[in-house]
K.L.:
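Got a structure here, written out as structure tokens. Questions coming.
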Number of protein chains: 2
Amino acid sequence: MNLDDRKIKILNAIIKDYISTGEPVGSRTISKKYELGVSSATIRNEMSDLEEWGFIIQPHTSAGRIPSDKGYRLYVDQLMKIETINESSIKMIEYLLKQKIDQIDLLMKEVAKLLSLITNYTSMVSTPQIQKTRLKHLQLIPLDDKSVVLIIVTDANLVTDNVIKMDVKADQETLNKLSAMLNESLKGLNIEQINLPLIQELKIKMGVYGEIVNPILDAIDKTIKTSSTPDIYLSGSMNILNFPEFSDIEKAKQLFYTLEEKDLLVSILSKHNSNGIKITIGCENEIDEIKNCSLITASYTIGGRSVGTIGIIGPTRMQYEKVVSLLSYMSNNMDKLLNKILDG
Amino acid sequence: MNLDDRKIKILNAIIKDYISTGEPVGSRTISKKYELGVSSATIRNEMSDLEEWGFIIQPHTSAGRIPSDKGYRLYVDQLMKIETINESSIKMIEYLLKQKIDQIDLLMKEVAKLLSLITNYTSMVSTPQIQKTRLKHLQLIPLDDKSVVLIIVTDANLVTDNVIKMDVKADQETLNKLSAMLNESLKGLNIEQINLPLIQELKIKMGVYGEIVNPILDAIDKTIKTSSTPDIYLSGSMNILNFPEFSDIEKAKQLFYTLEEKDLLVSILSKHNSNGIKITIGCENEIDEIKNCSLITASYTIGGRSVGTIGIIGPTRMQYEKVVSLLSYMSNNMDKLLNKILDG
DNA sequence: GTTAGCACTCACAGTAGATGAGTGCTAACA
DNA sequence: TGTTAGCACTCATCTACTGTGAGTGCTAAC
């Protein structure tokens, strides 16, 4: 297998053409549209090699070639030139930056909307994972005879509340003391560090308060566990129907049902825990239902810590350059957007 | 126009048959399947009248008849017999009742899922509207130099939090005093009663605290405004693709895009503010994009007050009886489900 | 008022042929 | 040895045509 310069050029041409037209690319198209200085017959010979090596596929005898997942992978890794994001996208993002949004989930929805609007693909945005941030403040508020509200604020200014049911009554003063003690023990800790062993340790340490402390500590544990599952916002699922690769409704339906499984999406997105952009093409995806899709994800940060993920899912025939440039621009700006909400 | 007994029976037969098969119903089908004791020719004559009066429609010359919106309306108002909900649905709901779900939004998602699963239509569930409940407790917690967390708890035990940015520093003690004063003034008030005029009044009344009170009061106003917009959870949007009336992808796409407009759905659902079941058939819908759909909604209550809506949207050819019985059963049980979360 | 009979309509499925894009192979050329 | 022109071949797609059957409306007889 000798991928010489001409073969690379031909493969590049095939992929570029197929991405933009969606039609299988024939040898004549290449020899006419792309100036390689050779005839279609020569290109046919080269294409035959490229097919043998698995970079392109022929859907049927009398059709042109389309790129395989392996072809796209080569393209993405070596051939693709990252574009700078286009002007109109920047304007749309700046517009979002200027808007007065003061709730994280609303912002996330808007981000998802914008991503799908710009790309015409389906976008996914996961909300900031509280577990990646540090405990800043914890407060217990008496609600009524049998319940207490637990408020947890983290250093990213993320706030969660949780109603705790108790068998005994706890007055304001006790709760204040307790809050102070808990703050002292837990303040500054990474949320994911506040786990069961630590809770057990605290239970023993605070044994004096027994009855009151235990349910509260349990509640803290539970709150952290449940609120640490990020939400996912999808937008533009329906864009899928615009792509010929999903003109078979059954395929589209299958994908839709998969996209409705938010838990699954969470697990897919949370696989992206590095910085930068991650591209997963077709069969590289672990989930069967999206093996004919490509997924591009980017993580975003709050105060330098990566806390969430934004992503685009679409057919493997995707405008990789554009999506990559958009996602990296957007992920860089998420920090700004979030801080506007969190720091006011 | 004289809708005699036989015509009613024929109309009933057409609608029942069409709902179950989805195929236009011919005169012969009726004379064979439904024992009316008359020949197909007679039925044809009657059908001709029914069509003239607008209860049924002939898609094309050589096809049977299908019910019109007017036909469905008559059916729903007068002919339909409300079924009792079937055993398996009850079991599924009871299963949900037994599950340990301790967050309202998770519960709402599960309810939506269940509704779409049982009906095979698309379900919509709006979260409890906090504005319909009463203020129970309000608390201000210092966060850092410039920010304070505002916690509002209502009598349905719904909790919201909001970070308030301030120019001046407020210490715990001042905030406690303030919380107490605000509690005194606002406790027991219906959340929607806490509006701008009242806030203005309070500002004047509490003039002494000036600098600190004003941003807090503004924040209360804002919090109430933003958190009073209910969320909507959809489930089974994709079920739409199973219905022949949406086999034209363009139509399905249009509907999908409409269903993605959560604000629109909120406004549609919030139109249902009475008790009981509300059925809106085809053209009766105000939004153009769902004029070929039927919408069935039911409100649910917390502590006797109607605070939210559950609904099913599907083709006008809908199994009205089943959906109505399911929604009324479910809406009656929402109270239980919610109280399990809210009261522990 | 009801019914049998009949001509008529029209969507739909199936078939056949034409079209054209694209290929692989071969032989000739530089 | 690499490149190219030429040609036969394949196969999806489109169009036109036809037959079929479900269903109707109308008429005349009961």
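Atom set for the values below is all heavy atoms of this structure, side chains included, hydrogens, waters and symmetry mates excluded. Convention: sequence-line order gives letters A, B, ...; per-chain numbering from 1.
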K.L.:
From CD of A/Glu23 over to C1' of D/dC11, roughly how many Å is that when rounded to an integer?
P.N.:
15 Å
K.L.:
Could you walk me through whether B/Asp69 and B/Arg73 satisfy the salt bridge (charged side-chain N to carboxylate O under 4.0 Å, His left out) test, starting with their C-alpha distance in whole Å, then the side-chain angles of each, then the deciding distance to 0.1 Å, before giving a yes or no?
P.N.:
CA-CA 6 Å; B/Asp69 290 350; B/Arg73 173 49 64 195; over 6 Å; no
K.L.:
Can you figure out which of C/dA11, C/dT23, C/dT3 approaches the side chain of A/Arg65 most closely?
P.N.:
C/dT23
K.L.:
Between A/Ile10 (CD1) and D/dG2 (C1'), how many Å, whole number?
P.N.:
13 Å
K.L.:
Answer yes or no: does a side-chain N or O of B/Arg44 lie under 4.0 Å from OP1 or OP2 of C/dT2?
P.N.:
no
K.L.:
Between atom NE2 in A/His60 and atom P in C/dG20, what is the gap in whole Å?
P.N.:
16 Å
K.L.:
Between A/Ser40 and D/dT4, is there a side-chain N or O to OP1/OP2 distance below 4.0 Å?
P.N.:
no
K.L.:
Base, sugar-phosphate or nothing for B/Ser48? Non-hydrogen atoms, less than 4.0 Å.
P.N.:
nothing
K.L.:
State, to 0.1 Å, how close A/Ile56 and A/Met47 come at their nearest heavy-atom pair, and which atoms those are.
P.N.:
CD1-O, 3.5 Å
K.L.:
Which nucleotide, D/dT24, C/dG22, D/dG23, lies nearest any side-chain atom of B/Thr29?
P.N.:
D/dG23
K.L.:
Checking only heavy atoms, does the side chain of B/Arg28 share a donor-acceptor pair with the base of D/dG23 at less than 3.5 Å?
P.N.:
no
K.L.:
Can you tell me if B/Ser62 touches the phosphate of D/dG23, counting only side-chain N or O atoms and a distance under 4.0 Å to OP1 or OP2?
P.N.:
no
K.L.:
Within this structure, what is the CD1-to-C1' distance between B/Ile43 and C/dT3, rounded to whole angstrom?
P.N.:
12 Å
K.L.:
How are the rings of A/Phe243 and A/Tyr121 set relative to one another: parallel (under 30°), tilted (30 to 60°) or perpendicular (over 60°)?
P.N.:
parallel
K.L.:
When the distance from CD1 of B/Ile56 to C1' of D/dG23 is rounded to whole Å, what number comes out?
P.N.:
13 Å
K.L.:
Any idea which heavy atoms bring A/Glu245 and A/Pro315 closest together, and the distance?
P.N.:
CG-CB, 3.3 Å
K.L.:
Any side-chain N or O of A/Thr61 below 4.0 angstrom from OP1/OP2 of D/dC11?
P.N.:
yes
K.L.:
Considering only side-chain heavy atoms of A/Ala41, which listed nucleotide, C/dT3, D/dA5, C/dT23, is closest?
P.N.:
D/dA5
K.L.:
Hey, is NZ on A/Lys278 packed in by over 12 heavy atoms from elsewhere, all under 6.0 Å?
P.N.:
yes
K.L.:
If you check every side-chain atom of A/Asn45, which of C/dC10, C/dT3, D/dT4 has the closest atom?
P.N.:
D/dT4
K.L.:
Using purine N1 to pyrimidine N3 plus N6-O4 or O6-N4 for Watson-Crick, or N1-O2 and O6-N3 for G-U wobble, both under 3.5 Å, which nucleotide pairs with D/dC26?
P.N.:
C/dG5
K.L.:
Once you round it to whole Å, what is the distance between P of C/dC10 and CD of B/Gln58?
P.N.:
10 Å
K.L.:
May I ask which nucleotide in the shown strands pairs with D/dG2, Watson-Crick or G-U wobble, both distances under 3.5 Å?
P.N.:
C/dC29
K.L.:
For B/Asp49 and C/dG1, what is the distance between atoms CG and P respectively, to the nearest whole Å?
P.N.:
11 Å
K.L.:
Identify the heavy atoms of B/His272 and B/Ile277 that sit nearest to each other, and give their distance.
P.N.:
CE1-C, 4.3 Å
K.L.:
Rounded to whole Å, how long is the line connecting atom CG of A/Leu50 with atom C1' of C/dG24?
P.N.:
16 Å
K.L.:
Under 4.0 Å: is that the gap between some side-chain N or O of A/Thr42 and OP1 or OP2 of D/dT4?
P.N.:
yes
